[in-house]
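To start, the structure under review is shown below, and the notes come after it.
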Amino acid sequence: MRFPREERVPVEMLLGQVRGGLEVGDERVRDFLAAFGRRLLRPTLARRYPELGSLGFFLRPSELARTVEGMAGEHVRVPRGLIFHIPPANVDTVFIYSWALSALMGNRNVVRLSPRSGAVAEVIVETLHEALREADPVVGETQRIVSYDREAEAVTAALSAACDLRVVWGGDRTVQDVRRHPVPPHARDLAFPDRSSFAVIRAAAWLCAPRAARVTVAEGFVNDTYWFDQAACSSPRTVFWVGAEADCDAARADFVDHVSQVVTARGWGVDAAMAVEKRVSTYGLAAEGVAESVEFRGNALANVTLAAATEAPRRWLGAGTFAHARLGSPAELAGLVERRDQTMTHFGFGRTELEELARALTGRGVDRMVPVGSALSFHRVWDGVDLPVEFTRLVTVIR
């Protein structure tokens with residue numbers, strides 16, 4: 001997969017091709033991104049790959065304009081330069097969000113797409129080629145998506161040595177491996193390493209919610225978790241139930257029933273290898289004394305009752321595997337959160353209560369608090385980082 005289409009070229013020639021002058025919010029790039037987004041929203045494509053519908057919505061003209069307008073200030077904002085992106089292989093759409101915001105800020109970009117990327121990545125690149133046919137030539141001159149094996153260390157080294165900012169998405173090991181290749185003294189790294197996420201639900205609010213609302217939340221929870229096989233950093237792995245014990249037990253049972261019904265209706269399933277992975281992981285928790293009980297609803301859904309909330313697992317246990325624990329109040333999260341915790345999806349809490357919790361955490365963890373169903377909704381601020389700001393430089397002008 002390459003964008004634009006071309007024969008394999010030496011990395012020196014590739015860097016020579018990535019040229020052209022763009023400015024922050026360049027209209028030519030905005031037109032291209034909007035056209036690309038419209039293609040992703042085509043019904044036949046969005047039905048087959050729902051995650052592309054979210055991406056197309058993110059690239060609508062009004063959202064692009066809002067992002068550019070949000071960059072206004074007393075300084076002159078200019079592109080940072082050449083940005084080298086290294087996205088993960090297991091979340092096919094994340095590279096587009098990162099690249100699109102960088103391109104919108106007027107940067108020249110090289111994206112290294114893993115050869116292990118799936119079918120969605122191929123669809124994305126093909127759709128980019130469609131949009132490129134009607135785009136200003138400057139897009140093809142300044143934007144590159146390439147693919148090469150991880151073993152091609154010399155390519156990563158050359159691109160790293162030439163960039164002004166390197167953006168690395170992936171596990172801790174990936175970040176450490178990439179950092180072995182130095183960037184220029186003026187350049188910097190923007191790393192998104194291993195993260196973990198969880199959901200928090202107020203039991204009383206769930207029990208009082210109309211059935212239609214509970215169905216909607218269950219559908220949102222399934223979207224948050226089953227897309228990307230629950231491997232996305234923002235997909236919850238633990239569900240904390242807040243309230244009295246009896247309320248939490250009743251709410252959890254009803255919630256699991258609703259989730260199970262959604263999973264069955266949508267035909268979500270896992271293969272034999274994944275089913276074995278889930279049983280090994282969950283029975284392992286039981287053997288360690290971390291889990292009090294384990295319940296399976298077929299191969300697609302597994303629920304683990306934790307012996308204590310402090311035992312919430314951060315590692316991936318297999319697609320459709322959820323740990324559950326009870327809290328007396330949301331304030332108890334302050335003693336449980338770790339720095340690697342990224343997204344907290346929630347139901348049944350008010351804004352003031354959530355803001356108080358955010359302040360109480362004092363930066364120990366949790367960079368996002370979003371409603372259940374919005375875990376995978378990308379925003380310009382990700383992992384506590386304002387990406388458009390990072391993709392630009394400020395010039396002070398005093399007369």
Side-chain angles (χ1 to χ4, degrees), residues 1-4 11-26 28-30 32-33 36 55 58-59 64 67-68 70-71 76-88 91 93-114 117 121 124-125 128 132 135 138-148 155-170 174-175 177-179 181-193 378-395:
M1 291 177 286
R2 282 176 172 264
F3 173 83
V11 65
E12 295 80 6
M13 186 179 298
L14 168 65
L15 290 170
Q17 291 175 342
V18 184
R19 62 186 185 278
L22 296 172
E23 60 182 25
V24 173
D26 198 290
R28 297 166 293 181
V29 175
R30 290 167 70 168
F32 171 73
L33 292 177
F36 170 54
L55 178 54
F58 179 80
L59 295 174
L64 297 176
T67 299
V68 174
M71 305 301 290
V76 176
R77 197 172 287 274
V78 298
R80 186 168 287 275
L82 176 63
I83 315 299
F84 179 29
H85 306 257
I86 305 177
V91 183
T93 58
V94 73
F95 81 93
I96 287 293
Y97 291 105
S98 172
W99 161 76
L101 286 173
S102 179
L104 184 62
M105 294 299 103
N107 292 296
R108 296 165 291 129
N109 292 276
V110 176
V111 180
R112 184 263 177 178
L113 202 56
S114 170
S117 296
I124 288 172
V125 174
L128 281 168
L132 183 62
V138 72
V139 175
E141 295 170 357
T142 58
Q143 313 300 317
R144 288 286 186 276
I145 296 174
V146 300
S147 183
Y148 58 86
V155 180
T156 298
L159 291 171
S160 297
C163 73
D164 297 289
L165 176 68
R166 183 170 58 188
V167 185
V168 186
W169 302 78
T174 296
V175 174
D177 286 347
V178 170
R179 282 180 170 168
H181 305 292
V183 296
H186 72 273
R188 57 185 298 189
D189 272 325
L190 185 57
F192 298 91
F378 199 87
H379 188 269
R380 58 175 282 178
V381 177
W382 195 259
D383 278 13
V385 175
D386 192 327
L387 288 170
V389 169
E390 295 295 325
F391 290 144
T392 57
R393 294 173 54 245
L394 297 176
V395 178

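We number each residue from 1, following the sequence as shown.
Arg112 is not listed as a side-chain neighbour of Val155, based on a closest heavy-atom distance of 4.5 Å or more. Considering only heavy atoms from C-beta on, Phe95 comes within 4.5 Å of Ile124 through its side chain. Inter-residue side-chain proximity for Val111 and Arg144 is flagged as unmet; no heavy-atom pair is nearer than 4.5 Å. Counting only heavy atoms from C-beta outward, the side chains of Pro79 and Thr392 never approach each other to under 4.5 Å. You'll find the side chain of Thr174 stays beyond 4.5 Å of the side chain of Trp169, heavy atoms only. Put simply, the side chain of Arg166 reaches to within 4.5 Å of the side chain of Arg179, judged on heavy atoms. Under the 4.5 Å side-chain criterion, counting only non-hydrogen atoms from C-beta, Val167 is in contact with Phe192. Side-chain contact between Met105 and Leu387 is absent, with no heavy-atom pair separated by less than 4.5 Å.
Remark: Arg28 CZ is packed, more than 12 non-hydrogen atoms of other residues, nucleotides or ligands lying under 6.0 Å away.
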#### Entry: Pair Leu82-Phe84, side-chain contact (heavy atoms from CB on, under 4.5 Å): steps then yes or no
CA-CA 7 Å; Leu82 176 63; Phe84 179 29; 5.9 Å; no
### Task
Let me see the working for Trp99 and Ile83 under side-chain contact (heavy atoms from CB on, under 4.5 Å), right down to the final yes or no.
CA-CA 9 Å; Trp99 161 76; Ile83 315 299; over 6 Å; no
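Closest non-hydrogen pair, Leu132 versus Gly140, comes out as CD1-N, 3.8 Å. Heavy-atom minimum distance, Ser160 versus Pro184: O-CD, 3.3 Å. Considering every non-hydrogen atom in both Val175 and Ala191, the closest pair reads CG1-CB, 3.9 Å. Between Leu113 and Pro87, the shortest heavy-atom contact is CD1-CG, 4.3 Å. Of all heavy-atom pairs between Pro88 and Gly170, the closest is CB-CA, 4.3 Å. Taking both residues in full, the closest heavy atoms of Arg77 and Val24 are given as O-CG2, 3.4 Å, listed atom of the first, atom of the second, then distance.
Applying the side chain to side chain contact (heavy atoms under 4.5 Å, CB included) test to Phe58 and every residue at least two apart in sequence or in another chain returns Tyr97, Leu101, Phe378. A search for side chain to side chain contact (heavy atoms under 4.5 Å, CB included) contacts involving Ala100 returns Leu33, Leu59, not counting sequence neighbours. Here Thr67 pairs with nothing under the side-chain hydrogen bond (donor to acceptor under 3.5 Å, both in side chains) rule; sequence neighbours left out. The side chain to side chain contact (heavy atoms under 4.5 Å, CB included) search around Asp386 returns Arg380, Val381, Pro388, Val389, not counting sequence neighbours. Scored by the side chain to side chain contact (heavy atoms under 4.5 Å, CB included) test, Arg188 finds Arg80, Leu165, Glu390 as partners (sequence neighbours excluded). Evaluation of the side-chain hydrogen bond (donor to acceptor under 3.5 Å, both in side chains) rule for Asp164 yields His186 as partners, not counting sequence neighbours.
Atom-to-atom distance recorded for Ser102:OG and Gln143:CD is 7.0 Å, nearest 0.5 angstrom. The structure places OG1 of Thr156 at 10.0 Å from CG of Asp177, a figure rounded to the nearest 0.5 Å.
Judged by distance alone, the side chain of Thr142 and the main-chain N or O of Val138 form a donor-acceptor pair under 3.5 Å. In this structure a side-chain-to-backbone donor-acceptor pair under 3.5 Å is present from Asn107 to Phe391.
Ser98 and His85 are linked by a side-chain donor-acceptor pair at a separation below 3.5 angstrom, with hydrogens and angles left out of the test.
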